[in-house]
There are 2 protein chains.
Amino acid sequence: MSQQRHGSTSGNGARAGAVSAFPDLPEATIARLPEYLRALHNLGEGGADTISSEGLAAAAGVNSAKLRKDLSHLGSYGTRGVGYDVALLIEQIEYVLGLDQRRAVCLVGVGNLGHALAGYDGFASRGFKIVALLDADPAKVGERIHGLIVRHIDELPAVAVEETIAIGVIATPAGAAQAVADELVTAGVTSILNFAPCVLSVPANVDVRKVDLAIELQILSFHEHRKASLTALPGGRSATGAGNQEAVGS
Amino acid sequence: MSQQRHGSTSGNGARAGAVSAFPDLPEATIARLPEYLRALHNLGEGGADTISSEGLAAAAGVNSAKLRKDLSHLGSYGTRGVGYDVALLIEQIEYVLGLDQRRAVCLVGVGNLGHALAGYDGFASRGFKIVALLDADPAKVGERIHGLIVRHIDELPAVAVEETIAIGVIATPAGAAQAVADELVTAGVTSILNFAPCVLSVPANVDVRKVDLAIELQILSFHEHRKASLTALPGGRSATGAGNQEAVGS
DNA sequence: TCCTGTGAAAATCTTCACAGCT
DNA sequence: AGCTGTGAAGATTTTCACAGGA
């Protein structure tokens, strides 16, 4: 939600002769494309060649009007009366998301959470490769985790030269996160995924996304609190349906 | 973002004599309250008694108008000319989020990620206590992780009786997630945090939030892709400022 | 007939700008 | 003078509902 993209995005759009006619997608749409992509992969593995907006929307957990509007921003890849070609749509979304090239990820902070992220299958299986693990703790440097040797954070510039780092992941304690972010920026990294519970300040051309696990619990806590206060009111609120899903993403 | 809250929220608001005059907060505001709370705790530890909207906004990474509007929904807890009383505001936000009561969390799936979540400090330090670890794999049952013994998923109903589970966390592979969700719902859990990359279907009175780590990377990948296509255009886009932060949350 | 693509309406969220309290 | 609280304007997102192609 909170998104302060300033500068950068400015000119482009319908600029004549723009190098790649890059679609100017709404942020909300971008955040949903990965979900559509996952649903499409599932459907494709299930043997479907085409899928209606209704069917894909159900698989992705959104309503069909939203899905059609989202996809319409990519261009017309559906066939009226039939639906979308699964393989073609996968290709289009992967192109837009830049997943046609494998992106190198560098993970800083090999503590509790970092350790788990280093071994998380979901990254590799969806086009991301963790190419370096870094930590400031000398006791951790040299440790082998899921096939990678942990290196000292001071080697970040060297790592950045060896590999073209597309994304830096920060899984350090909050106190260290800003310093790590600064080093990543200096090393030329322009996309950061921050798991530390703090606000990072970075130059305007750097994108930061934040995942704070405790915040997610607190939001659920609010809804628990609200529901508890509602059940004190008349009317048994059981209800049926597909449920209240809220996906994370800005 | 995608939020299909239906039913439940319906009547309340200004209803005369409602049991708890529960504030009808915008979803976007709720998602930011935890961030304000974290910033307030930091400021409080730093010795501040009061803080201006400008100062708190900076600490939370939002602009001050948004912050004031958000807080105004809670009521008037600021003093014009002075700012907000840090301790009072903490108390108010914690009350609204339902954090004045410690909430029990049950974690299902003690694999790579679940293991890390079980030991994540950020939960305990912010009012959540993991009271049970469950897994379907007999090889994992009995294992001791961060002071808790892993129990078999079939014991979920028993666990739910022993402890009042406020929130269930699913950290299983995608294939198992729906079955686990069904069991949580049957056991009476009405809030679920889902780390499995799949859509869950649950009754309308159950809230689900989803965190998909790969999706976060894919969104960053999009922005990398976009930036790469923009640098092919004229104009060195360095710029300065506080950066492009996008926090996760619906 | 079925289903996409899309204007237009509705809902939600953000930002502005200033009245009014301390 | 300084800072909150808030109407009103603006931007974004969602939903509706239907024209029109397959």
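Numbered from 1 within each chain, the chains take letters A, B, ... in sequence-line order.
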(request) Compare every heavy atom of B/Pro34 with every heavy atom of A/Ile219, then report the nearest pair and how far apart it is. (result) CG1-CG, 4.2 Å

(request) Return the 5'-most residue of the pair A/Lys69, B/Lys69 with respect to DNA chain D, ranking by each residue's nearest nucleotide. (result) B/Lys69

(message) Do the side chains of A/Arg226 and B/Asp24 get close enough for a salt bridge, i.e. N-O under 4.0 angstrom?
(response) no

(request) Please tell me which of B/Thr29 and A/Ala65 maps to the more 5' nucleotide of DNA chain C, matching each residue to the nucleotide holding its nearest heavy atom. (result) A/Ala65

(request) Could you tell me the separation between the CD1 atom of A/Ile51 and the P atom of C/dT4, rounded to a whole number of Å? (result) 9 Å

(request) Look at the side chain of A/His41 and the backbone N and O of A/Ile90, then say whether any donor-acceptor pair between them is shorter than 3.5 Å. (result) no

(request) Output yes when B/Glu35 and B/Arg38 qualify as a salt bridge under the 4.0 Å nitrogen-oxygen rule, no when they do not. (result) yes

(request) Report the distance from atom CG of B/Leu25 to atom C1' of C/dT12, rounded to the nearest whole Å. (result) 14 Å

(request) Calculate the interatomic distance between B/Leu33 atom CG and C/dC13 atom P; express it in whole Å. (result) 13 Å

(message) How many whole angstroms separate atom CZ of A/Arg32 from atom P of D/dT13?
(response) 8 Å

(request) Would you mind checking if B/Asp212 and A/Arg126 are paired as a salt bridge, meaning a charged N to carboxylate O distance below 4.0 Å? (result) yes

(request) Looking only at side-chain atoms of A/Arg68, point me to the closest of D/dT15, D/dA17, D/dT13. (result) D/dA17

(message) Near DNA chain D, counting only heavy atoms under 4.0 Å, which residues of residues 73-81 of chain B show up?
(response) B/Ser76, B/Tyr77, B/Gly78, B/Thr79, B/Arg80, B/Gly81

(message) Quick check for you: among C/dC13, C/dG5, D/dT15, whose closest atom lies nearest to any side-chain atom of A/Asn63?
(response) D/dT15

(message) By nearest atom, which of the nucleotides D/dA17, C/dG7, D/dT4 is closest to the B/Ser52 side chain?
(response) D/dT4

(message) Just the rounded figure in Å: distance from C1' of D/dC3 to CG of B/Leu71.
(response) 13 Å

(message) On a heavy-atom basis, which atom in B/Ala171 and which in B/Phe195 lie closest, and how many Å separate them?
(response) CA-CB, 4.4 Å

(message) Measure CG/B/Leu67 against C1'/C/dC16 and give the value in whole Å, please.
(response) 16 Å

(request) May I ask you to decide whether A/Lys210 forms a salt bridge with B/Glu216, counting only side-chain N to carboxylate O separations under 4.0 Å? (result) no

(request) Would you indicate which nucleotide in D/dT13, D/dT15, C/dT4 comes nearest to any side-chain atom of A/Tyr84? (result) C/dT4

(request) Rounded off to whole Å, could you give me the CG-to-P distance for the A/Asp24 and D/dT12 pair? (result) 10 Å

(message) What is the separation between atom CG on A/Leu89 and atom C1' on C/dG5, rounded to the nearest whole Å?
(response) 14 Å

